[in-house]
Protein chains: 4
Amino acid sequence: MANGVNKVILIGHLGKDPEVRHLEIGSSVATFPIATTESYLDREGNKQSMTEWHNIVLWRGLAKVAEQYLKKGSKIYVEGRLTSRSYEKDGITRYVTEVVGREMLMLDTRGDAHPPMPEAEHEAMKKSTSEALPTAPAEITGDDPDDLPF
Amino acid sequence: MANGVNKVILIGHLGKDPEVRHLEIGSSVATFPIATTESYLDREGNKQSMTEWHNIVLWRGLAKVAEQYLKKGSKIYVEGRLTSRSYEKDGITRYVTEVVGREMLMLDTRGDAHPPMPEAEHEAMKKSTSEALPTAPAEITGDDPDDLPF
Amino acid sequence: MANGVNKVILIGHLGKDPEVRHLEIGSSVATFPIATTESYLDREGNKQSMTEWHNIVLWRGLAKVAEQYLKKGSKIYVEGRLTSRSYEKDGITRYVTEVVGREMLMLDTRGDAHPPMPEAEHEAMKKSTSEALPTAPAEITGDDPDDLPF
Amino acid sequence: MANGVNKVILIGHLGKDPEVRHLEIGSSVATFPIATTESYLDREGNKQSMTEWHNIVLWRGLAKVAEQYLKKGSKIYVEGRLTSRSYEKDGITRYVTEVVGREMLMLDTRGDAHPPMPEAEHEAMKKSTSEALPTAPAEITGDDPDDLPF
DNA sequence: TTTT
DNA sequence: TTTT
């Protein structure tokens, strides 16, 4: 039952170029690691930093943006959900935890090429018509159910 | 340009019953205040608490859930976006800041009636078909563009 | 370099009672799994749900609250950071991803006992003295202004 | 009762240079507006964007960083809490909603000067000593363990 | 291994 | 009043 919340928010740098796979279905998926580094001062007042690595998975539109615009070193914001899965390797069950991105922002202000349109996960928001009503919602919806590969 | 993030996460209690309006278009909107209370110990070790009031706005499916299941005192989780708007009253321009909810969870564990189905903003997630691939995305998409009034 | 963000927000239920260890240093640590369940409707309109399991780690004050008040089935909100670590087992390097909680809220509205004081991670908030100033900050600080490095 | 959550996460650009006040107490406060812009495609496939303006308030160390490094146009990440307050002006009670920042990150990758040390709100993190234990916490604490009430 |  |  939807009585749960599963939300991850990260800002970090890609540790590698994205690996992108184009699926028969017409969908795409990009995977890459990002490092998030938080700094602090230790007891002696020395600067310390904590770096964590995260496996990021982006689907569809976000995968395509990743393929075209992200590379090792790129700085991004990702909002998504935590997932874990297991797989067999050498007869041993191994576990991987990944962050599946729902939103992604590129944070490099370099004069690089830019995506034609910022992306939420293969989605486009609709124009709202709220007039004198309370603030209209920021819908994020699909334009056409047919472009949803599921 | 979609280089921005605007996210609010609240857990609090309704200060009043929701006011719900059913719009001609077939859509609905619910508004109500919630109080979020954070506690802390002051310098003397006394317990202090900080309460803030927030104007919540829910549209469509979430408005209907609010109408049916929320009332003064209900405890909820809301994730949404901050918006501000102005209006004239007595010849004076006034400003209101509201939180437009994208997701809402009811947190009362009382034996009350429950919504038939948890709601993201008038949306239903689609079944994903990811097989042996990296963790599949948790899509939140509209089932039918026609039920979107904007 | 503190140019990173690493934030996780979860609402879910404990899959087991917390395991608590009291360390020589006088500190405590509690660990337990929680399940977050998100629901959605698939293409055929059937209800589907996605459950993910997360390893939660709570330190100090939060560990003590967990020890006293949490048990299998308890519903909680946790805000924290994602961390991964490796360990050897049977000559194989294994990886674990955990969520180290910075804030925790108990969400059970049952008539159970409650913690005497809500806890942020071994912190107490200060009374603020802001009067006619912009909204006072919700400080989370140590007890002694002298240990504030700015 | 700490049964509440009040969290705001924004990424946007400063609309003006920060206004900084240095208080007698030795503290500082910076205020400035930021715009968050989210983009989307409307039904006709035209690009639309939604911009919201937010009043940001930063205290102490964060105020000093703002004073030194932020200016009109700067891009930042802010995590904080929503607050509202009222004031009288021309005999009329007016309301303001502000976001009091707990964490701030500068997101400009321009070759500008950088703050000596990233800042959380007047806090310094401790070096953790967790070794063979579960992932150590990313403490944000005062400098003196004795001021930890647990 | 949780919950509705 | 910002930015791309």
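What you see below is based on every heavy atom in this structure, not just the backbone, and it leaves out hydrogens, waters and symmetry mates. Chain letters run A, B, ... following the sequence lines, proteins first and then strands; every chain starts at 1.
Rounded to whole Å, atom P of E/dT3 lies 11 Å from atom CG of C/Asp17. Distance NZ (C/Lys71) to C1' (E/dT3): 14 Å, rounded to an integer number of Å. Computed from coordinates, the C/Leu14 CG to E/dT2 C1' distance equals 8 Å when rounded to whole Å. Here the C1' atom of nucleotide F/dT1 and the CG atom of D/Leu10 are 16 Å apart, to the nearest Å. Nucleotide E/dT2 holds its C1' atom 11 Å from the CG atom of C/Asp108, rounded to whole Å. Taking atom CG of D/Asn55 as the reference point, atom P of F/dT1 lies 16 Å away to the nearest angstrom. Rounded to whole Å, the distance from CD on C/Glu52 to P on E/dT1 is 18 Å. Going from atom CG of D/Leu107 over to atom C1' of F/dT3 covers 12 Å, rounded to whole Å.
Closest approach to the D/Thr51 side chain among E/dT1, F/dT2, E/dT2 is made by F/dT2 (side chain taken as heavy atoms from C-beta onward). Listed nucleotides E/dT2, F/dT2, F/dT1 differ in distance to C/Ala35; the shortest reach to its side chain belongs to E/dT2. Distance from the side chain of C/Thr37 is smallest for E/dT2 among the nucleotides E/dT2, F/dT1, E/dT1. Each of F/dT1, F/dT3, E/dT2 was ranked by its minimum atom distance to the side chain of B/Asn3; first place goes to F/dT3.
For the 3.5 Å distance criterion, the side chains of C/Ser39 and C/Ser49 fail to qualify, holding no donor opposite an acceptor.
Between C/Lys16 and E/dT1, a side-chain N or O to OP1/OP2 separation shorter than 4.0 Å is absent.
Partners of B/Ser86 according to the side-chain hydrogen bond (donor to acceptor under 3.5 Å, both in side chains) rule, which considers only residues two or more places apart in sequence or in another chain, do not exist here. For B/Glu67, the side-chain hydrogen bond (donor to acceptor under 3.5 Å, both in side chains) partners at least two apart in sequence or on another chain are B/His22.
Note: D/Asn3 CG to C/Met106 CE = 11.0 Å, rounded to the nearest 0.5 Å.
Judged by centroid separation below 5.5 Å and plane tilt below 30°, D/Trp53 does not stack onto the base of F/dT2.
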ask   = Could you go step by step and tell me if C/Ile9 and D/Val5 meet the side-chain contact (heavy atoms from CB on, under 4.5 Å) rule?
value = CA-CA 11 Å; C/Ile9 290 168; D/Val5 170; over 6 Å; no

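Looking at heavy-atom distances under 4.0 Å, C/Thr36 makes no contact with the nucleic acid at all.
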